[in-house]
Amino acid sequence: MKINSAKFVISNTDIKKCPKPDRPEYAFIGRSNVGKSSLINMLTNNKKLAKTSGKPGKTQLINHFEINDEWYLVDLPGYGYAQVSKSSRVKWQKFIETYLLKRENLMNVFVLIDSRHPPQKIDLEFMEWLGTKGIPFSMVFTKADKCSSNELRKSQMKYKNEMLKTWEFMPPVFITSSTSKLGQEKLLNYIGEINVNARF
Ligand code: GDP
């Protein structure tokens, strides 16, 4: 899929204020600093679309972008930043959970994982939660340029070992780098294929 246009639509914390669910929607989520904004900018060939985080944990909003006048890309707040107070973490969980559970046009959640780190409890728990709620998701390993191919393989294997303790099969996995654009085509084509079959 080629990206011809990418426009910011609205930011909010309330599912009722999200755009009309009249087209396929894809959400991107991960721990603060995982490289989410960089990935969104890389995917859309727009250096400024998503704000790269100077202050992790500060972008606590559901951000909608309209792509090719055809689908929505949603930038969700980063989770698990230690300096965010417990009360705001609880608030985070509530509105994100509501969004993920209730958004009827949500086709897939892309869960971003930093390629350099061993499996993180918070990421595993979040994916477990998505699985039990029946919300389709994929794993997106970020910052692949910072790892050797051997490290990348090991990182994926570790996740696989952990996840197959509870699940029978793995979700789709994408390997990406915002600096080299690795994974751009595969990820966009994946979205394109789902869009073709989506009925609205
Ligand atoms: P966010 O908090 O998840 O939105 O993360 P950002 O996109 O702001 O990225 C966090 C930091 O990681 C920034 O310093 C980025 O320049 C860096 N970064 C993000 N993606 C990549 C990548 O693919 N490769 C490299 N080398 N650095 C990256």
Side-chain angles (χ1 to χ4, degrees), residues 3 6-13 25-65 67 72-85 88-89 91-93 95-97 99-100 108-127 129-130 137-156 158-159 171-191:
I3 302 282
K7 288 178 282 201
F8 169 74
V9 184
I10 192 170
S11 290
N12 64 72
T13 56
E25 180 159 312
Y26 301 85
F28 290 75
I29 193 165
R31 286 191 301 138
S32 299
N33 222 32
V34 69
K36 179 165 50 72
S37 314
S38 306
L39 180 82
I40 291 171
N41 293 344
M42 180 276 265
L43 289 173
T44 55
N45 290 321
N46 184 327
K47 286 198 184 86
K48 290 190 191 145
L49 196 65
K51 288 195 181 60
T52 46
S53 54
K55 285 192 187 135
K58 289 291 173 194
T59 43
Q60 304 286 323
L61 296 165
I62 301 173
N63 303 296
H64 271 81
F65 301 97
I67 313 293
Y72 287 125
L73 184 159
V74 173
D75 181 4
L76 291 176
Y79 54 74
Y81 188 61
Q83 279 175 26
V84 172
S85 69
S88 83
R89 261 206 307 273
K91 232 191 277 161
W92 179 93
Q93 279 180 354
F95 83 84
I96 299 301
E97 272 184 27
Y99 166 82
L100 292 168
N108 193 63
V109 179
F110 291 99
V111 180
L112 275 55
I113 310 272
D114 194 319
S115 300
R116 299 168 302 172
H117 301 154
Q120 305 286 307
K121 194 162 170 251
I122 193 162
D123 293 327
L124 290 167
E125 282 176 359
F126 180 63
M127 290 189 284
W129 181 82
L130 289 173
F137 70 95
S138 314
M139 294 170 77
V140 179
F141 285 88
T142 61
K143 308 186 189 180
D145 58 285
K146 292 197 176 193
C147 296
S148 69
S149 53
N150 199 27
E151 284 167 336
L152 271 174
R153 230 185 351 260
K154 274 195 192 148
S155 194
Q156 283 176 67
K158 282 187 195 156
Y159 267 98
V173 170
F174 297 91
I175 312 292
T176 66
S177 161
S178 301
T179 48
S180 76
K181 298 207 164 196
L182 177 73
Q184 186 195 40
E185 203 178 318
K186 276 197 184 143
L187 207 152
L188 290 177
N189 286 346
Y190 182 72
I191 291 176

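When a ligand or atom number is given, it counts from 1 through the structure's own listing order.
Contact atoms of ligand 1 toward N33: 1 (P), 2 (O), 3 (O), 5 (O), 10 (C), 11 (C) (distance under 4.0 Å to a heavy atom of the residue). Using a 4.0 Å cut-off to heavy atoms of K146, the atoms of ligand 1 that qualify are 25 (C), 26 (N), 27 (N). Here is the list of ligand 1 atoms found below 4.0 Å of a heavy atom in S177: 23 (O). For ligand 1, the atoms lying closer than 4.0 Å to a non-hydrogen atom of S38 are 6 (P), 7 (O), 9 (O), 15 (C), 19 (C), 20 (N).
Some N or O of G35 is nearer than 3.5 Å to an N or O of ligand 1, by distance alone. At a 3.5 angstrom cut-off on N or O pairs, S37 counts as close to ligand 1.
Checking side-chain atoms of T176 against main-chain N and O of F141 turns up a donor-acceptor pair under 3.5 Å. Formation of a donor-acceptor pair under 3.5 Å by the E25 side chain with backbone atoms of V74 is not found in this model.
No donor-acceptor contact under 3.5 angstrom links the side chains of D114 and Q120, judged on distance only. When only modelled atom types and interatomic distance are considered, S178 and N41 share no side-chain donor-acceptor pair under 3.5 Å. A donor and an acceptor atom, one from each side chain of S11 and N63, are located under 3.5 Å apart.
Under a 4.0 Å heavy-atom criterion, T142 is not in contact with ligand 1.
Contacts between V34 and ligand 1, counted as non-hydrogen atom pairs separated by less than 4.0 Å, involve both the backbone and the side chain.
Taking 4.5 Å as the limit, every side-chain heavy atom of L182 sits out of range of all side-chain heavy atoms of D145.
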